[in-house]
Asks: 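Structure below; questions to follow.
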Number of protein chains: 2
Amino acid sequence: MAKLKAIKGHIIYTKVKDCFEIHENSYIVIDDKKIVGIYNELPDIYKDVAIIDYGYNSIIIPSFIDLHIHAPQYLQMGIGLDLELIEWLDQYTFKYEALFSDVNYAKKLYPRFVDALYREGTLRSCIFATIHNESNNVLIDELKKKKLSAYVGKVNMNQNAPDDLLQSTECSIEETKRFIEDSNNTGDSIKPIITPRFAPCCTSELLEELGELSIEKQLPVQTHLSENKKEVEWVKSLFPNNKNYSDVYKRHQLYGNQKTILAHSIYLTNEEVEMASKEKNVYLVHCPSSNSNLSSGIMPVTYYLDKGINVGLGTDVGAGNKLSMADVITNAIQYSKIRHVYNEEERVLSLSESFFLATKMNGSFFGKVGSFEKDYYFDALIIRDPDPLTSCLSPLERLQRFLYCGSSNSIVERYLEGEII
Amino acid sequence: MAKLKAIKGHIIYTKVKDCFEIHENSYIVIDDKKIVGIYNELPDIYKDVAIIDYGYNSIIIPSFIDLHIHAPQYLQMGIGLDLELIEWLDQYTFKYEALFSDVNYAKKLYPRFVDALYREGTLRSCIFATIHNESNNVLIDELKKKKLSAYVGKVNMNQNAPDDLLQSTECSIEETKRFIEDSNNTGDSIKPIITPRFAPCCTSELLEELGELSIEKQLPVQTHLSENKKEVEWVKSLFPNNKNYSDVYKRHQLYGNQKTILAHSIYLTNEEVEMASKEKNVYLVHCPSSNSNLSSGIMPVTYYLDKGINVGLGTDVGAGNKLSMADVITNAIQYSKIRHVYNEEERVLSLSESFFLATKMNGSFFGKVGSFEKDYYFDALIIRDPDPLTSCLSPLERLQRFLYCGSSNSIVERYLEGEII
């Protein structure tokens, strides 16, 4: 009984993408880290458990998960966005990333980045770090200090980047192995993930060894796919023997053998869409503000969803200019509406769908995460608007206001695996 | 000498839309309400004036102006955005607006709305109130208390809305006259503006009388134009004798005789674009997030600008889901990039252009406002990021960060007409 507790309030989550589950003024019973059930009235067997009541002016929702974010770009967020992808990488991103050869810089920046994740309620994320293991370990330490959960990737590049960010294939693989070893010793909450930056920065040899490593160590993969038209052409010229961009990863065992995040995935051929729809391990991750900031394009989210593809959501900070997943959820809807204006046959993403993507879909990358169903980890945010004028609002309207025009100030409590963090 | 002072810091503004004027570590000298000049070193004649030095980690920019916002929709912001315009008006907006028949509701809501404008650095705005004069006067009182400047409009509707929001033509005009009289007695900072809601809610007779009133009292006009395809069709059926939607206003002397705000203006015919380009009093006001939220479309901003049209920017709260003009500035850029992806011939809006629209262009509706040129009113925001890690950023990079990912917390001081408010 000691590890049981009940959290009371207006509970909102999505079991399926088409609708919200709303339990007004109800109880979630938690046994240690996991959810036992949701009850309108507390059953007799739980009548002695501790109750935390968040009251009528709060809602309880699954905490956010960000499937695509670059930690070293935190300070760069919002800067240089008049450029497109390749120029932006050259003129800004690579310069900021090179700073992490100095571990003291990491010690200054990463605590701020991790604080921001915590503040915005993003309690789990899939993070690109840099090539620099000493700095990468600082990031892991900071995440642990704040009790956040994450997959962290040591970035791999052996071509087409400034010299100070390139490693030989051998060194890149050795350092990746060392990083995996180090981070596997840090407990369950932080795990390593295989992270080739994207095809243009990796030779076939490097991709092959990373694919083998992923299978050998049973580690998931994250990389970029088809973000920008010029990039797609570039990949074609670099990998002329591959059928398409997705096939570059597939042929190197970096596509669907393990759980795989492919950020952006805007300009997929029909063949690539079919490929993705058949791979239950593959997540195409939509990063709306990044895609508009770099004039990349917009993912046809509802088309992919209706094909049965796993579509995730990410901020892609620093090309994405907001760290909050609430902004990503609403931007994804707004951009799908703009696509709908241009092509009326393409349907609009609904609020419940977008919320589902940021919680249960993104959460499935981590296991039983992102929903309030039985046996899911209890990861949650308590959102409160104490203004008496909002007492007329329904729980769903409170959620809409938080997502569309709220701020992290409304997040008054954060739970990860049943514990307040 | 007594009314002279100098404000020191990194000064950024736009004189023309194509580039920023940046004066690092310089002085703006102010005589009472207006700017005398900007100096790298303070000239001898000003050596005895009081200096306020905001330091290296701040920037000084013109304060924001919002050319299109609905005060009564403040609580509704973010709610019901799965609908399109007409349905959203019927199911949400009109219900919220009807609440203002009770002045006590206005006394609760309007202070919150005005606080939010102040907090976000929007020190001047063109506001739609409601049909209810008693509540409208509460709004004016609150704006005065916070020392903000605004045009406030009593809304006019005599058809196609719920009964409790309709007035007879006679009553609508009488109440408008009374509102003009009341608000003309409130001093210079708050002024009345003629406000037919939009053509579908006004008979030709009402529009005609409002046009005459505008000319007689020399008052500017604000209304909506061509926001949604169904609305455009509706106007065609309601006003079959007019050439197009713009012509409905033109024929009723509500288009360009006085300064005129036409919010949205998305689906203009070539003829209407030509019309707007010839009227120096006409402002087409782009409200990006509102237009995506209601699946309306996106204004072709750069096309209009290149035609010489005055394009302003507005939040359009509550269909717009952010009250900050920083979000409007960046959303306008993002959406123009999305238009560019669909039509590569249409160029992208630059940061300096979008900033110019929200400051000097919007400001010109109020007179010499929105720039730091000689004889302009000194309306300014001091933006500070005290984090030592940002000391490497240039003033322009600080501005980019504030606009793309900052928050009102970074606004540490607000000046209107030379005075800290």
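Both backbone and side-chain heavy atoms feed into the values below; hydrogens, waters and symmetry mates do not. Lettering of chains follows the sequences in order, A, B, ..., and the numbering in each one begins at 1.
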Asks: Could you tell me which portion of B:Leu81 (side chain, backbone, both or neither) has an atom closer than 4.5 angstrom to a non-hydrogen atom of chain A?
Replies: both
Asks: Does B:Arg401 reach the main-chain N or O of A:Ile79 with its side chain, forming a donor-acceptor pair under 3.5 Å?
Replies: no
Asks: Quick one: closest heavy-atom pair of A:Gln400 and B:Gly80, and the distance?
Replies: OE1-N, 3.3 Å
Asks: Would you mind reporting whether B:Asp387 and A:Lys108 have side-chain heavy atoms less than 4.5 Å apart?
Replies: no
Asks: Give, as side chain, backbone, both or neither, the part of B:Phe402 having an atom under 4.5 angstrom from any heavy atom of chain A.
Replies: neither
Asks: Evaluate side chain to side chain donor-acceptor pair (under 3.5 Å) for B:Gln334 paired with A:Asn331, printing each intermediate quantity in order.
Replies: CA-CA 11 Å; B:Gln334 291 167 329; A:Asn331 287 340; over 6 Å; no
Asks: Walk me through it: do B:Ser289 and A:Thr330 pass the test side-chain contact (heavy atoms from CB on, under 4.5 Å)?
Replies: CA-CA 10 Å; B:Ser289 83; A:Thr330 53; over 6 Å; no
Asks: Would A:Val317 and B:Cys405 count as a side-chain contact (heavy atoms from CB on, under 4.5 Å) if you check the C-alpha gap in whole Å, the side-chain angles of each, and the deciding distance to 0.1 Å?
Replies: CA-CA 10 Å; A:Val317 159; B:Cys405 42; over 6 Å; no
Asks: Just verifying a value: how many Å separate A:Asn321 CG and B:Ile333 CD1, rounded to the nearest 0.5 Å?
Replies: 10.0 Å
Asks: Between B:His340, B:Met77, B:Arg398, which residue shows the highest count of heavy-atom pairs closer than 4.5 Å to chain A?
Replies: B:Met77
Asks: Any idea which of B:Leu323, B:Val348, B:Leu389, B:Val341 has the most non-hydrogen atom pairs under 4.5 angstrom with chain A?
Replies: B:Leu389
Asks: Which bit of A:Leu403 is near chain B, if near means a heavy-atom gap under 4.5 Å: side chain, backbone, both or neither?
Replies: neither
Asks: Contact part of B:Tyr74 toward chain A, heavy-atom cut-off under 4.5 Å: side chain, backbone, both or neither?
Replies: backbone
Asks: Quick one: sort the B:Tyr342 and A:Tyr342 rings into parallel, tilted or perpendicular, breaks at 30° and 60°.
Replies: parallel
Asks: I would like to know whether A:Arg339 and B:Ile338 meet side-chain contact (heavy atoms from CB on, under 4.5 Å); could you show each step before the answer?
Replies: CA-CA 9 Å; A:Arg339 282 192 66 101; B:Ile338 296 176; over 6 Å; no
Asks: With a 4.5 Å cut-off on heavy-atom pairs, point out which of B:Lys229, B:Arg112, B:Lys322 contacts chain A the most.
Replies: B:Arg112
Asks: Which atoms of B:Leu393 are under 4.5 Å from chain A, going by heavy atoms: the side chain, the backbone, both sets, or neither?
Replies: side chain
Asks: Side chain, backbone, both or neither: which part of A:Ser296 has an atom under 4.5 Å from a heavy atom of chain B?
Replies: backbone
Asks: Non-hydrogen atoms of chain B under 4.5 Å away: do they reach the side chain of A:Asn291, the backbone, both or neither?
Replies: neither
Asks: Between B:Ile298 and chain A, with a heavy-atom cut-off of 4.5 Å, which part of the residue counts as in contact: side chain, backbone, both or neither?
Replies: side chain
